[in-house]
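For reference, the structure discussed in these notes is given below.
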Amino acid sequence: MSQRYGLMWRPAGPVTVANNVTESVLVFEAQAIGMIGVIRSLGRAGYRVHAASAHPDAPGCHSRFAQVAVVHPRYQEPAFLNWLATYVREQNIAAIMPSEAFLLAIEPVYEQYRALLPDAPDAEVLYRCFGKADVQAFFSSHSNPSVQQQLPRAIVVRRSQPLPDANGFRDWQWPLYVKTDGRHADRDQQAGVRAVHSAEQLGSALAAALLSHDRCQVQETVPGVKATVNLWRHRGEFRAESMCVAMHENPHTGGLTAYRKIWWHEAMLADAKLRLKTLNWQGVAMVEYKWDAASGRFWFLELNARYWNALNLDLLAGKDFPRWQLDAFLGKAVVQDQGPGPLGFRARYTVPADIGWLMSRCRDSKVTVTQKLAALVEFVLLAINPAVHSDLWFKGDRRLYWRAWLKFLRQLGQSS
């Protein structure tokens, strides 16, 4: 490239689209698996997708559903806001599909871009929903008893206050999780989650978190597996919904959903809708829970007020959230898609996430040799099972699957 920022790549060959839509839409975080789903959904629908990332090797920038790919300054750089204003004007951008990091970056000028953001709520609502600690405090102190239910024990710890006495957590379920988010981070810092297994670890984990973040949250462990409710709320009405439950997480002790299936739980769905209504949230969101099959109980963990990592599962199953949202924003048809998709429909984020699940089990000394062998056999069987889909193995865009494998193998070779 002759310039540091700008158009960097265009896909070779024509892109198959559903109609003759010509509006240009700018999609951020093209390196994230969920935003790759957004690119695919909108490109397949015929929108002129500009895939944007600060990473030149972002997979979404190589999607056949991206008409244009662009590398931009990092969000923390002063040049980013100037670049954004110029790009939106010169490329005649009709809409922006944002990520959480993008919205945090434009907070000082949010109102300037609000008209380009589908279902954009008031700034106060928007930025409160990006603070894990803020959402926790909001629900814990709410006057509606139903909002206070289904919450694991948690507290908010602020930099301006003394650290809590670790003895106060003795009767909590351990390990505890220290959670930080981008909303309350210092410059160049990211969100994170750290599991702590002892009182000594808790003190050091809190001190480390508060060095880089204004506040953090301490949350106890609750049993079960991760389950999510994915919702689109448009002008006060829930227009589309889906749910999935994790079968593999990376690491295997709890983390990113690497292998999941479409699932349904009416009480959890109702709880998620109540929480978004209480927050006055508009747009898309993933509400994250733990579900314990043995007891039938579930607990709210956190809100992710953006497109979710498992979006490709929904797209493969026919739940076209990004297209529906953008169509409605631009004054086209408003879809009503209630109820589950095909129950039991399965997909996995094969590489690197499901490989990460396998490797975490193999490296865990608490997992027996028999269990490790069983995990390896299961991984192979899933790979050859035609009923199990892969996030990146997407019709018309399958080279992203092979690119992911090539990147993984290169990294594996470099680390060996």
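Looking at every heavy atom in both residues, Ser146 comes nearest to Arg275 through O-NH2, 4.2 Å. Pairing each heavy atom of Leu269 with each of Trp264, the nearest pair is CD2-CZ2, 3.5 Å. Heavy-atom minimum distance, Ala227 versus Trp263: CB-CZ3, 3.8 Å. Considering every non-hydrogen atom in both His50 and Tyr87, the closest pair reads ND1-OH, 2.7 Å. Between Val71 and Ala54, the shortest heavy-atom contact is CG2-O, 3.8 Å. Nearest heavy atom pair, residue Ala101 against residue Tyr75, reads CB-CE1, 3.6 Å.
Between the side chain of Gln371 and the backbone N or O of Val367 there is no donor-acceptor pair closer than 3.5 Å. Although no hydrogens or angles enter the test, the distance criterion places a donor-acceptor pair under 3.5 Å between the side chain of Ser360 and the main chain of His252. A donor-acceptor distance shorter than 3.5 angstrom exists from the side chain of Gln338 to the backbone of Phe238, with no hydrogens or angles considered. No donor-acceptor pair under 3.5 Å is formed between the side chain of Lys261 and the backbone N or O of Leu343. For the pair Glu249 (side chain) and Gly255 (backbone), a donor-acceptor distance under 3.5 Å is present. In terms of modelled atom types and a separation under 3.5 Å, the side chain of Arg128 and the main chain of Leu279 share a donor-acceptor contact. Within the 3.5 Å criterion, the main-chain N or O of Arg153 finds a donor-acceptor partner in the side chain of Glu220. Remark: side-chain polar atoms of Gln282 are not paired, donor with acceptor, to backbone N or O of Pro121 under 3.5 angstrom. Judged purely by atom type and a 3.5 angstrom limit, Gln148 uses its side chain to pair as donor or acceptor with the backbone of His142. Of the possible donor and acceptor atoms, one in the side chain of Arg233 sits under 3.5 Å from a partner among the backbone N and O of Trp281.
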Quick one: side chains of residues 208-216, donor-acceptor pairs under 3.5 Å with protein atoms, not counting sequence neighbours, listed by atom name and distance.
unit_1, atom_1, unit_2, atom_2, d
Ser212, OG, Ala209, O, 3.4
His213, NE2, Gln190, O, 2.9
Arg215, NH1, Asp134, OD1, 3.1

Can you give the donor-acceptor pairs under 3.5 Å from side chains of residues 350-357 to other protein atoms, not counting sequence neighbours?
unit_1, atom_1, unit_2, atom_2, d
Thr350, OG1, Ser390, OG, 3.0
Asp354, OD1, His248, ND1, 2.8
Asp354, OD2, Arg348, NH1, 2.7

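Within the model, atoms SG of Cys129 and CG of Asp181 stand 11.5 Å from one another, a figure rounded to the nearest 0.5 Å. Atom CD1 of Ile36 sits about 11.5 Å away from atom CG of Leu315, to the nearest 0.5 Å. Rounding to the nearest 0.5 Å places CG of Asn304 at 8.0 Å from CG of Asn309. The CE atom of Met97 sits 7.5 Å away from atom OG of Ser41, with the distance rounded to the nearest 0.5 Å. Here the CG atom belonging to Asn312 is positioned 12.5 Å from the NE2 atom belonging to His389, to the nearest 0.5 angstrom. The line from CE of Met35 to CH2 of Trp308 is 11.0 Å long, rounded to the nearest 0.5 Å.
The ring of His265 has its center no closer than 6.0 angstrom to the ring center of Tyr289. Remark: aromatic rings of Trp232 and Phe321 are distant, center separation not under 6.0 Å.
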message: I'd like to know whether Arg159 forms a salt bridge (Lys or Arg N to Asp or Glu O under 4.0 Å) with Asp186, so could you lay out the CA-CA distance, the side-chain angles of the two residues, the decisive distance to 0.1 Å, and finally the verdict.
response: CA-CA 12 Å; Arg159 182 185 285 167; Asp186 295 339; 2.9 Å; yes

- request: Evaluate the side-chain contact (heavy atoms from CB on, under 4.5 Å) criterion for residues Tyr349 and Arg260: first the C-alpha distance (whole Å), next the side-chain angles of each, then the deciding distance (0.1 Å), finally the verdict.
  value: CA-CA 9 Å; Tyr349 186 12; Arg260 50 282 201 261; 4.1 Å; yes

task: Walk me through it: do Trp299 and Asp271 pass the test side-chain contact (heavy atoms from CB on, under 4.5 Å)?
output: CA-CA 10 Å; Trp299 294 266; Asp271 186 79; over 6 Å; no

side-chain contact (heavy atoms from CB on, under 4.5 Å) assessment of Phe28 paired with Leu84: CA-CA 11 Å; Phe28 280 91; Leu84 178 63; 3.8 Å; yes

message: Working note: Thr228 + Val287, criterion side-chain contact (heavy atoms from CB on, under 4.5 Å); need CA distance, chi angles, decisive distance, verdict.
response: CA-CA 6 Å; Thr228 67; Val287 191; over 6 Å; no

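The number of heavy-atom neighbours closer than 6.0 Å to CD of Glu124, taken from other residues, nucleotides and ligands shown, is 12 or below. No more than 12 heavy-atom neighbours from other residues, nucleotides or ligands sit within 6.0 angstrom of CZ on Arg363.
Residues Glu107 and Arg183 are paired through a salt bridge, judged by an N-O separation under 4.0 Å between the basic side chain and the carboxylate. Ionic pairing of Asp391 and Arg40 is not present here: no N-O contact between side-chain nitrogen and carboxylate oxygen is shorter than 4.0 angstrom. A salt bridge does not link Glu29 to Arg306: none of the charged nitrogens lies less than 4.0 Å from a carboxylate oxygen. Looking at Arg239 and Glu237, a side-chain N of the basic residue comes within less than 4.0 Å of a carboxylate O on the acidic one, giving a salt bridge. Salt bridge absent: Arg361 and Glu378 never bring a charged side-chain N and a carboxylate O closer than 4.0 Å.
Side-chain N/O atoms of Asp122 and Tyr110 include no donor and acceptor closer than 3.5 Å. Side-chain atoms of Asn92 and Ser24 include no donor-acceptor pair closer than 3.5 Å.
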